[in-house]
Amino acid sequence: MYKIIDGKKIAATLREKLKDNVLKFRTERGREIGLAVVLVGNNPASQVYVRNKIKACEEVGIKSFAYYLPENTSQSALEELIVGLAADDGVHGILLQLPLPDGLDSAKALKLIPEEKDVDGFSAFNIGNLCLNATASVACTPLGVMKMLEYEGIEVNGKRAVVLGRSNIVGKPMAMLLLNADATVTVCHSKTHNLEEECRRADILVAAVGRAKFVKQEMVKEGAVVIDVGMNRDENGKLCGDVDFENVKDKCSYITPVPGGVGPMTITMLLYNTYCAAVRR
């Protein structure tokens with residue numbers, strides 16, 4: 001019998017603890033923790049994400065600074081704003097909402113965020129520290145997955161883990177976190193030979209390929225833990241993940257749903273990273 005991992009419940013529990021820690025920080029140090037969020041353009045999905053992040057900040061007592069720039073913002077104007085936020089002692093974390101409108105260079109803009117304020121964990125410094133298993137801000141989604149496994153008491157040490165996807169935002173940091181937790185890790189992608197066979201070896205399977213219902217029953221080992229990072233729309237326009245949930249669930253020991261699985265953990269880890277950045281400062 002499978003168990004659904006309730007990301008909303010886990011996120012709520014972690015946020016309550018984080019709220020206490022933020023209050024303690026503010027009381028002991030006499031200052032607020034600040035997160036600056038920069039949104040360029042009118043992307044509807046990005047606007048929703050930013051609103052959710054600001055609401056989450058309010059929930060745990062982190063002060064948010066929201067900067068909404070028009071679609072036609074120049075690269076120099078964007079960079080000037082980020083440089084100013086980098087120098088602001090009241091800002092402990094800077095989040096540049098991606099994707100940026102066409103014509104803007106996100107890589108150049110992200111490089112201007114100091115590593116100590118890189119709460120997304122995207123900088124070369126933080127990625128390097130993750131590879132060294134040293135203190136770092138870690139990309140929010142993979143970090144959220146690890147917190148879910150920990151919360152559920154799912155053993156990672158010595159297990160065979162397969163990560164489907166090799167993006168810099170999810171796949172690669174996910175693989176490093178699992179490796180640092182002493183799993184034996186395989187990263188699969190579009191060029192992987194015998195993909196189904198590789199997936200069937202997994203005690204822990206993390207799907208992050210961005211393809212609706214890509215993971216089928218025959219790709220999953222009996223009793224595996226299946227973590228679905230995908231967020232897609234199916235043929236009926238309904239939200240779904242990378243895993244064919246209805247056909248896969250009965251083969252699993254644990255599985256995350258979409259929505260309500262990994263998603264709520266991502267914003268919670270952003271708040272956690274911002275708190276940690278403030279403590280390290």
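Worth saying up front: this structure is predicted, and the values here are computed from it rather than measured.
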Applying side-chain contact (heavy atoms from CB on, under 4.5 Å) to L164 and C188, what does each step give before you reach the verdict? CA-CA 5 Å; L164 270 172; C188 295; 3.8 Å; yes
If you apply the rule side chain to side chain donor-acceptor pair (under 3.5 Å), what do you find for N126 with N129, and how did you get there? CA-CA 5 Å; N126 280 315; N129 272 355; 5.0 Å; no
Hey, mind stepping through Q97 and K53 against side-chain contact (heavy atoms from CB on, under 4.5 Å) and telling me if it holds? CA-CA 11 Å; Q97 184 67 44; K53 287 165 184 173; 2.8 Å; yes
Test D244 against F214 for side-chain contact (heavy atoms from CB on, under 4.5 Å), laying out the working first. CA-CA 7 Å; D244 188 356; F214 178 79; over 6 Å; no
Please report the C-alpha distance between V163 and T186 in whole Å, then the side-chain angles of each, then the deciding distance to 0.1 Å, and finally whether the side-chain contact (heavy atoms from CB on, under 4.5 Å) criterion is met. CA-CA 6 Å; V163 179; T186 301; over 6 Å; no
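With contacts defined as side-chain heavy-atom distances shorter than 4.5 Å, the pair T256/V226 does not qualify. Side-chain contact between Y68 and V50 is present, with at least one heavy-atom pair separated by less than 4.5 Å. Residues L112 and I94 have side chains not in contact (no heavy-atom distance under 4.5 Å, counting atoms from C-beta outward). Residues K111 and F122 have side chains not in contact (no heavy-atom distance under 4.5 Å, counting atoms from C-beta outward). Proximity of V279 to R29: side-chain heavy atoms (C-beta onward) are separated by under 4.5 Å at one or more points. Counting heavy atoms from C-beta outward, L271 and I62 have side chains that approach closer than 4.5 Å.
R200 places a side-chain N or O within 3.5 Å of a backbone atom of E218 that can act as its donor or acceptor partner. Side-chain N or O atoms of E59 include none that pairs as donor or acceptor with a backbone N or O of R15 at under 3.5 Å. Under a 3.5 Å cut-off, the side chain of E71 and the backbone N or O of N42 do form a donor-acceptor pair. A donor-acceptor contact shorter than 3.5 Å links the side chain of D234 to the backbone of N236. Remark: side-chain polar atoms of K251 are paired, donor with acceptor, to backbone N or O of Q217 under 3.5 angstrom. Looking only at distances, no side-chain donor or acceptor of D118 sits under 3.5 Å from a matching main-chain atom of I113. Between the side chain of S137 and the backbone N or O of V119, no donor-acceptor pair lies under 3.5 Å. Side-chain atoms of K117 come within 3.5 Å of backbone atoms of L85 as a donor-acceptor pair (strictly under, hydrogens ignored). The backbone N or O of F25 sits nowhere less than 3.5 Å from a side-chain atom of R31 that would complete a donor-acceptor pair. In this structure a side-chain-to-backbone donor-acceptor pair under 3.5 Å is missing from D250 to Y2.
Interatomic distance, Y151 OH to K9 NZ, rounded to the nearest 0.5 Å: 4.5 Å. Taking CG of L130 as the reference point, atom CG of N180 lies at 6.0 Å (rounded to 0.5 Å). The CG atom of N273 sits 8.0 Å away from atom CG of D120, with the distance rounded to the nearest 0.5 Å. Taking NZ of K249 as the start and CE of M1 as the end, the distance is 8.5 Å to the nearest 0.5 Å. To the nearest 0.5 Å, atoms CG (L149) and CD1 (I5) are separated by 6.0 Å. The distance from the SG atom of C140 to the CE atom of M265 is 11.0 Å, given to the nearest 0.5 Å.
Using a 4.0 Å cut-off between a side-chain N of Lys or Arg and a carboxylate O of Asp or Glu, R160 and D203 do not qualify as a salt bridge. Between D89 and R281 there is a salt bridge, with a side-chain nitrogen of the basic residue lying less than 4.0 Å from a carboxylate oxygen of the acidic one. Between D242 and K213, none of the side-chain N atoms (NZ, or NE/NH1/NH2) sits under 4.0 Å from a carboxylate O, so this pair counts as no salt bridge. Remark: E152 engages K3 in a salt bridge, criterion side-chain N to carboxylate O under 4.0 Å. A salt bridge links E197 with R201; the closest basic N to acidic carboxylate O contact falls under 4.0 Å.
When the shell of 6.0 Å around CG of D102 is examined, it contains 12 or fewer heavy atoms from other residues, nucleotides or ligands. At most 12 heavy atoms of other shown residues, nucleotides or ligands fall within 6.0 angstrom of atom NZ in K55.
Minimum interatomic distance between G241 and D228 (heavy atoms only, all atoms of both residues): CA-OD2, 3.2 Å. Contact detail for S167 and P173: the closest heavy-atom pair is O-CD, 3.8 Å. Contact detail for L178 and A161: the closest heavy-atom pair is CD1-CB, 3.9 Å. The two atoms that bring H92 and T274 nearest to each other are CB-O, 4.4 Å, heavy atoms only. Minimum interatomic distance between L35 and C57 (heavy atoms only, all atoms of both residues): CD2-SG, 3.6 Å. D105 and Q75 get closest at one heavy-atom pair: N-OE1, 2.7 Å.
Checking L100, L39, L81, L104 one by one against L69, the side-chain contact (heavy atoms from CB on, under 4.5 Å) holds for a single residue, L81. Just one of V209, T141, V262 meets the side-chain contact (heavy atoms from CB on, under 4.5 Å) condition when paired with V170; it is T141.
Taking the ring axis of Y272 as reference, the NZ or CZ atom of K147 stays within 45° of it and closer than 6.0 Å to the ring centre.
Connection of V145 to I127 is not established within any shared hydrophobic cluster, with ILVMFWY side chains joined at heavy-atom distances below 4.5 Å, either directly or through further cluster members. At a threshold of 4.5 Å between side-chain heavy atoms, the hydrophobic network of Ile, Leu, Val, Met, Phe, Trp and Tyr places V22 and I267 in two separate groups. In this structure, F65 is a member of the same hydrophobic cluster as I82, with clusters built from ILVMFWY side-chain heavy atoms closer than 4.5 Å. One hydrophobic cluster holds both I54 and L18 under the rule that ILVMFWY side chains link at heavy-atom gaps under 4.5 Å. The same ILVMFWY cluster, assembled from side-chain heavy atoms under 4.5 Å apart, contains both M269 and M174.
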